[in-house]
Number of protein chains: 2
Amino acid sequence: MAEEKKISMAVIRRLPRYFRYLSDLMKLDIKRISSKELSERMQITASQIRQDLNCFGGFGQQGYGYNVEYLYDEISKILGTDRRFSCIIVGAGNMGNALANYENFSKRGFDIVGIFDVSPDKVGTVINNIKVLHMDMLPEFVKTHHVDIAMLTVPNSKVNEVAIQVTELGIKGIWNFSPTDLRLGDDVIVENVHLSDSLMVLGYRLKESMEGRKTS
Amino acid sequence: MAEEKKISMAVIRRLPRYFRYLSDLMKLDIKRISSKELSERMQITASQIRQDLNCFGGFGQQGYGYNVEYLYDEISKILGTDRRFSCIIVGAGNMGNALANYENFSKRGFDIVGIFDVSPDKVGTVINNIKVLHMDMLPEFVKTHHVDIAMLTVPNSKVNEVAIQVTELGIKGIWNFSPTDLRLGDDVIVENVHLSDSLMVLGYRLKESMEGRKTS
DNA sequence: TTTGTTTTGACAAAAAAATAACAATTATGA
DNA sequence: TCATAATTGTTATTTTTTTGTCAAAACAAA
């Protein structure tokens, strides 16, 4: 019944970027914007902007452009910024710490409700008002608290095991910070942050650039 | 004179992934691999693997496949894993801390040689054997130490200013952890790690999945 | 050595993504 | 009010990326 218009990942990955730019425009008190002007700011073609936005509906008006606040709200809705996601952090090391202290996540609807680790040094400590629990407590915790997302900042050697564990407990979203590609069920959504991959690409591009070639 | 075969970013961004899988194969003591078998492990088509690798040269042998160690070495060379990059971290907050303590970077050729901040709380502290210096010391530091890459983990409101500052000092590579897109000279290579974008995409996909749609 | 199998590298085809073009619509200013 | 300029949404075109195909090369076994 509902017409399933398939939206490509390429488009979806640009949405947060539109969201950011619109947020900036609002801060600058700019009320309307044309795809042309936005394209100059974002360094992409106006055509792409119009086509991207039209995947979700006609938010603009001919001869006028887009109303910044309206467009912002619509993209918010698409991205689901209105809903809240309960998240746990597994791995209370440096990266886990950094995530737990990152204020913006809760602003965007992602609440850290638990932090887990296995190290006796870490279990019992408090990070940003959240007590670090032992991994053994995880099954019980998930039973009593709804958890949407597990943020995995465990050592590479443990990540597969942990990923299986959290998905078996019914958690459907994984934000994976390890260099390992997780292979889980089709109903589990995995989003990777492969820091070392990113750094290696930077190294490659830098090297090419130093040798006089252009990369992008 | 040199034939500039343009290699697309899509290919380049897959290189670290090949690198990882080959590294794993070596650990498993696997000496040879066909594109078909690698494709099953990596969940991409064999055709893509062969085409990707052929951008850089014929590393395989008909009827045999690819020698794992040789291919690993070749991709290492392409990625520039042999060279070393001197890096500084600007912003000694939680993320800066996490990066400073991440052991794998030096393994891959990225050495953290300095950490900078402006907060009196942080300046003077020692992170992973590196003393945090005040930003005022940066120009002097860059004069006396060669720096390839600045890893920026400063607050969003300061990142533009800092990016301009480091590029004016001649640093050509930027690893940007802020949600802001930096616009710098053509000779500066910027690689972004937009954590909040990634998380928002996870939220979107999770939402879609919960509503019964598939995203990828 | 010979034959059949495997597997690459190259090229062709298909699919996806980005860009361009333009009719339709609205705003703006004379 | 009317004419002109601006700007969208949509369709067409182009470009890029991915996938499929196959001859040629190398291996492996008889």
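Basis for what follows: all heavy atoms, side chains included, without hydrogens, waters or symmetry-related copies. All chains are named by letter (A, B, ...) in the order of the sequence lines, taking the proteins before the strands, and each is independently numbered beginning at 1. Note that this is a predicted model, so its numbers are computed, not measured.
Taking all atoms of both residues into account, the shortest heavy-atom contact from G93(A) to D117(A) is N-OD2, 4.0 Å. Considering all non-hydrogen atoms of both residues, S198(A) and V193(B) come closest at OG-CG2, 3.7 Å. In plain terms, the two heavy atoms of P179(B) and N156(B) that are nearest each other are CD-OD1, 3.4 Å.
Side-chain contact between D148(B) and S86(B): present, with at least one pair of heavy atoms (C-beta onward) separated by less than 4.5 Å. Proximity of M135(A) to V90(A): side-chain heavy atoms (C-beta onward) are separated by under 4.5 Å at one or more points. At least one side-chain heavy atom of F141(B) sits less than 4.5 Å from a side-chain heavy atom of I88(B).
Every ring pair (Phe, Tyr, Trp, His ring centres under 6.0 Å) that F177(B) has, sequence neighbours left out, goes to W175(B). Among residues two or more places apart in sequence or in another chain, the salt bridge (Lys or Arg N to Asp or Glu O under 4.0 Å) test is passed with R183(B) by none. Looking at residues two or more places apart in sequence or on another chain, you find a salt bridge (Lys or Arg N to Asp or Glu O under 4.0 Å) between R83(A) and E211(B). The ring pair (Phe, Tyr, Trp, His ring centres under 6.0 Å) search around H146(B) returns none, not counting sequence neighbours.
Remark: L22(B) CG to I75(B) CD1 distance equals 5.0 Å, nearest 0.5 Å.
Checking V11(A) against R50(A), the closest nucleotide of DNA chain C that is more toward the 5' end is the one next to V11(A). Along DNA chain D, the nucleotide closest to Y64(B) and the one closest to Y66(A) are compared, and the more 5′ of them pairs with Y66(A). Comparing G65(B) and A10(A) by the nucleotide of DNA chain C whose heavy atom lies nearest to each, the residue mapping closer to the 5' end is G65(B).
Over its length, the helix from dT1(C)-dA30(D) to dA30(C)-dT1(D) turns its helix axis by 10°, as judged from the five terminal pairs at each end, rounded to 10°.
Judged as a salt bridge (Lys or Arg N to Asp or Glu O under 4.0 Å), the pairs with a partner in residues 44-62 of chain B (not counting sequence neighbours) are, in order, R14(B)-D52(B). Counting only residues at least two apart or in different chains, salt bridge (Lys or Arg N to Asp or Glu O under 4.0 Å) contacts with residues 103-114 of chain B comprise R84(B)-D111(B). Legend: ring pair (Phe, Tyr, Trp, His ring centres under 6.0 Å) pairs involving residues 18-37 of chain B, not counting sequence neighbours, sorted by first then second residue: F19(B)-Y72(B).
For the segment residues 17-30 of chain A, the set of residues with a heavy atom within less than 4.0 Å of an atom of DNA chain C is empty. Using a 4.0 Å cutoff on non-hydrogen atoms, the parts of residues 31-47 of chain B near DNA chain D are R32(B), T45(B), S47(B), ordered by number.
Interface limits on DNA chain D: the 5'-most and 3'-most nucleotides within less than 4.0 Å of chain B heavy atoms are dT17(D) to dA28(D). Using a 4.0 Å cutoff to heavy atoms of chain A, the contacted part of DNA chain C runs 5' to 3' from dA17(C) to dT28(C).
Residues D187(A) and K172(A) are paired through a salt bridge, judged by an N-O separation under 4.0 Å between the basic side chain and the carboxylate.
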